[in-house]
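Right, one structure below, let's go through it.
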Amino acid sequence: MKLGLGLPGPVRQVAGEAWASRTHVEEISAVQFFRLSAELAALNASPRLLEVASRAVHDETRHRELCAELAQAYGVDPGPLARAPALAPAGLELFERCLYAAVAHCCVAETESMATLSTLVREAEPPEVRRALVAIARDEVEHAQLGWAIAAWAAKERSLSFLGRALPSMLEPGAGPLFRQAPPAADDGRLALHGVLPWSRRRQVFLSAFEEVLIPGWGRFGIDGAAAREWLRRKG
Amino acid sequence: MATKKRHRLFELLVVGGGLWVATGCGGELTRQDPQQQPSTGVRRVLPDGGVPDGGEGGDEPSVGYGSGFW
């Protein structure tokens, strides 16, 4: 399968690299869900939460394959997997480690994925790309909901306020690069037809999700967004 | 239009996730840390048969980290 042959070379390369990057994001995500499911089990979470976290490991493994096929279709080999680091800083107890991972991975990254996917699904043109986006979005809804469900569950018994100061660390790896200058090919409007948001639109989608989903979502469960706002102000 | 869509995302994800718990799908939070408990000897594996880098927990960073974005 070859896609995007009508695109200028640098733009097709950006599309391929985006799908290759997603291949790694999905593979790392499978590892993060694997760890999260073990932590949830240790915290005596309900079968429903455990089932969704465990299923997410398999979902993300499937997504990795879809993304890798599309990367290759746009002429880019995803290459070997990058290392999947633990998310929470050293020294946290189990409850804090689990909540850090749930918020960083599900509430932040998976919610951002849904904001991006819900935009892309309407614009992508090649049937192979549309099918992959729809299949991935169907699962990512549940992955993001899992994070907010874990926050709701945990906030019933303990304060989650300790997470407020950690929000910049959670945001930086995914959102930080959006505030750097991108090459012109990365902002080409035709990318959206191939399942990739042009750079400036990625930033807009993130900023909207930040204000309208993340900030009120954190606030709902007692996580102060002030440090995240300060991080964003410094990016601006 | 865009604002309306994003409000729907809040309802779908944040409110929707919270509803799982409101309808009894949370569980009773334990206070025990399994690192202080004897190992069960069960080794969790990924679908491809591998185990995560760094074993169960990976190397913990000195400051927190976040997941990559789509």
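A, B, ... follow the sequence lines: proteins, then strands. Residue 1 opens every chain.
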A175(A) portion near chain B, given a 4.5 angstrom heavy-atom threshold: both
Closest non-hydrogen atom pair between A104(A) and G66(B), with its separation: CB-CA, 4.5 Å
Nearest heavy atoms of L13(B) and V141(A), plus distance in Å: CD2-O, 3.8 Å
Interface moiety of L146(A) toward chain B, non-hydrogen atoms closer than 4.5 Å: both
Leading residue by heavy atom contact count with chain B [cutoff under 4.5 Å; candidates E172(A), Q32(A), E26(A), E140(A)]: E26(A)
Ring geometry between W19(A) and W70(B) (parallel below 30°, tilted from 30 to 60°, perpendicular above 60°): perpendicular
Atom pair CD1 (I215(A)) and CZ (F10(B)), whose distance is rounded to the nearest 0.5 Å: 11.5 Å
Residue V52(A) versus chain B: region with a heavy atom under 4.5 Å: side chain
Main-chain N/O of L12(B) paired with Q145(A) side-chain donor or acceptor, under 3.5 Å: yes
Chain B contact via L117(A) - side chain, backbone, both or neither, heavy atoms under 4.5 Å: side chain
From CZ (F69(B)) to OG1 (T111(A)), nearest 0.5 Å: 9.0 Å
Among the listed options P216(A), A18(A), A45(A), the residue most often paired with chain B at heavy-atom distances under 4.5 Å: P216(A)
Heavy-atom side-chain proximity of S67(B) to V108(A) below 4.5 angstrom: no
Residue part contacting chain B, namely of E112(A), when any heavy atom lies under 4.5 Å: side chain
Contact summary for A149(A) and G17(B), nearest pair of heavy atoms: CB-O, 3.2 Å
Contacting region of E110(A) [heavy-atom separation from chain B under 4.5 Å]: neither
Those residues that, when tested against R220(A), pass side chain to side chain donor-acceptor pair (under 3.5 Å) (two or more places apart): none
Pairwise side-chain contact, M114(A) with L9(B), heavy-atom cut-off 4.5 Å (strictly under): yes
Chain B contact via C67(A) - side chain, backbone, both or neither, heavy atoms under 4.5 Å: side chain
Region of V25(A) in contact with chain B, defined by heavy-atom distances below 4.5 Å: side chain
Between H24(A), E211(A), H105(A), the one whose heavy-atom pairs under 4.5 Å with chain B are most numerous: H105(A)
Heavy-atom proximity to chain B below 4.5 Å, by part of A166(A): neither
Minimum heavy-atom distance between A86(A) and Y65(B), given as atom pair plus value: O-CB, 4.0 Å
Part of L214(A) within contact of chain B (heavy atom distance under 4.5 Å): neither
Distance-minimising heavy-atom pair for G217(A) and V14(B): CA-CG1, 3.9 Å
Nearest heavy-atom neighbours spanning H7(B) and E212(A): N-OE1, 4.4 Å
